[in-house]
Amino acid sequence: MIGGRDFLDIDQIPTADLRAILERGGALKEDQINGSAQPLMAGRTLVMIFEKPSTRTRVSFQVGMQQLGGMVVVMSETDSQLGRGETVADTARVLSRYADIIMIRTDNHQKLLELSEYATVPVINGLTDSSHPCQIMADIMTFEEHKGSIAGRTVSWVGDGNNVSHSWIHAAAKFGFTLKLACPASLQPSDTILAAARAEGADIVIADTPEEAVAGTDLVITDTWVSMGDKDGDRRRQILLPFQVNDELMAAAGPDALFMHCLPAHRGDEVTDSVIDGPQSVIWDEAENRLHAQKGILAWCLE
Ligand code: CP
Ligand code: NVA
């Protein structure tokens with residue numbers, strides 16, 4: 001990248017910048033609600049590459065750019081030359097001649113890094129097999145709207161130690177909250193990501209049980225048991241059964257804890273209807289804030 005800044009992972013970005021992104025996203029949210037949005041992205045084009053399905057990421061980035069006066073091109077691996085073997089590096093060079101920002105959702109984190117290496121415009125991580133940083137920026141915005149600063153608070157992750165959990169681990173080091181994770185032994189988050197976050201000062205607890213992870217927490221989070229690209233769905237569902245977020249687990253968390261899920265949810269698996277539709281759930285605010293937090297990210301990338 002030559003001009004602007006990449007948004008690749010939360011652990012790569014200084015806390016002050018992450019805070020500035022959230023502040024900007026919050027201000028742009030107010031502008032949108034007040035009808036005073038400025039065409040910040042006028043004349044700018046975002047190209048989005050999807051190698052995996054998406055509802056929220058696709059629509060929130062597209063609507064966000066349009067609300068800011070910008071344009072969007074969406075391409076998928078299958079309907080572009082990427083699917084016929086054109087390299088990520090060559091794609092990056094070409095798209096950089098058309099676009100001001102490139103977002104990619106990919107099955108392989110290395111492709112994100114390669115895109116970033118060869119693109120001359122900012123690159124945004126729209127989810128990889130390893131992380132999902134845009135989601136966690138929206139989640140922290142949502143938490144702080146409901147509960148105030150996340151610094152010094154406790155966040156609990158229950159379920160698969162997957163890409164979304166990795167971005168929460170990155171965030172624990174940057175935003176100064178305690179993160180407690182309860183995951184099955186065979187589905188723990190990456191040791192490397194955990195060790196790096198701890199080396200940065202993150203307070204991370206690997207709990208033995210979901211109940212232990214949620215005791216005294218401010219936020220309970222879970223995600224699908226079978227992520228896009230996972231091929232062992234039956235095995236995962238079996239292993240993860242004791243990690244369902246249900247009324248009993250929310251009772252162990254206490255009445256003041258929020259519940260979040262990045263969605264899409266598999267109701268009856270990782271979370272019951274009673275929890276996801278219950279009074280502690282803030283999932284619709286969370287989904288909406290993808291739009292606002294990502295406007296902050298887009299603006300930061302081009303600064
Ligand atoms: N949470 C999220 O990224 O949703 P999509 O897969 O629909 O984009
Ligand atoms: N962990 C999920 C997140 C979806 C937004 C997946 O990667 O499929």
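Ligands are counted one by one from 1 in listed order, and the atoms in each one are counted from 1 as well.
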Just grab all the salt bridge (charged side-chain N to carboxylate O under 4.0 Å, His left out) pairs involving residues 185-203, residues at least two apart or on different chains. none

From the options Lys295, Glu288, Arg290, select the one residue that forms a side-chain hydrogen bond (donor to acceptor under 3.5 Å, both in side chains) with His292. Glu288

When you check ligand 1 against the protein, what N or O pairs turn up below 3.5 Å? List the atom names and distances, or just say none.
| unit_1 | atom_1 | unit_2 | atom_2 | d |
| --- | --- | --- | --- | --- |
| ligand 1 | 1 (N) | Gln135 | OE1 | 2.9 |
| ligand 1 | 1 (N) | Cys262 | O | 2.9 |
| ligand 1 | 1 (N) | Leu263 | O | 2.9 |
| ligand 1 | 1 (N) | Arg290 | NH1 | 3.4 |
| ligand 1 | 3 (O) | Thr57 | OG1 | 3.1 |
| ligand 1 | 3 (O) | Arg105 | NH2 | 3.0 |
| ligand 1 | 3 (O) | His132 | NE2 | 2.8 |
| ligand 1 | 3 (O) | Arg290 | NH1 | 3.0 |
| ligand 1 | 4 (O) | Arg56 | NE | 2.8 |
| ligand 1 | 4 (O) | Leu263 | O | 3.4 |
| ligand 1 | 6 (O) | Arg105 | NH1 | 2.8 |
| ligand 1 | 7 (O) | Thr55 | N | 2.7 |
| ligand 1 | 7 (O) | Arg56 | N | 2.8 |
| ligand 1 | 7 (O) | Arg56 | NE | 3.1 |
| ligand 1 | 7 (O) | Arg56 | NH2 | 3.0 |
| ligand 1 | 8 (O) | Ser54 | OG | 2.7 |
| ligand 1 | 8 (O) | Arg56 | N | 3.4 |
| ligand 1 | 8 (O) | Thr57 | N | 2.8 |
| ligand 1 | 8 (O) | Thr57 | OG1 | 2.7 |
| ligand 1 | 8 (O) | Arg105 | NH1 | 3.4 |
| ligand 1 | 8 (O) | Arg105 | NH2 | 3.2 |

The test is salt bridge (Lys or Arg N to Asp or Glu O under 4.0 Å); show your working for Asp256 and Lys147 and say whether it passes. CA-CA 9 Å; Asp256 295 331; Lys147 293 245 173 219; 5.1 Å; no

Would you sort out whether His266 and Thr224 count as a side chain to side chain donor-acceptor pair (under 3.5 Å), showing the intermediate values? CA-CA 6 Å; His266 298 78; Thr224 179; 3.1 Å; yes

Judged by atom type as modelled, is there a donor-acceptor pair below 3.5 Å linking the side chain of Arg56 to the main-chain atoms of Ala287? no

Taking the side chain as C-beta and beyond, is there a heavy-atom pair between Lys180 and Thr154 under 4.5 Å? yes

Under a 3.5 Å threshold, I'd like every N/O contact between ligand 2 and protein atoms, with atom names and distance.
| unit_1 | atom_1 | unit_2 | atom_2 | d |
| --- | --- | --- | --- | --- |
| ligand 2 | 1 (N) | Asn162 | ND2 | 3.3 |
| ligand 2 | 1 (N) | Asn163 | OD1 | 2.9 |
| ligand 2 | 1 (N) | Asp223 | OD2 | 2.7 |
| ligand 2 | 1 (N) | Ser227 | OG | 2.7 |
| ligand 2 | 7 (O) | Asn163 | ND2 | 2.8 |
| ligand 2 | 8 (O) | Met228 | N | 2.8 |

By the rule that ILVMFWY residues connect when side-chain heavy atoms come within less than 4.5 angstrom, directly or transitively, which residues belong alongside Met250? Val158, Leu187, Val214, Val220, Trp225, Val226, Ile239, Leu240, Leu241, Phe243, Val245, Leu249, Phe259, Leu263, Val271, Val275, Ile276, Ile283, Trp284

Do side-chain atoms of Asp9 reach the backbone of Asp11 as a donor and acceptor pair under 3.5 angstrom? no

Do any N or O atoms from the side chain of Ser131 and from the backbone of Pro133 form a donor-acceptor pair under 3.5 angstrom? no

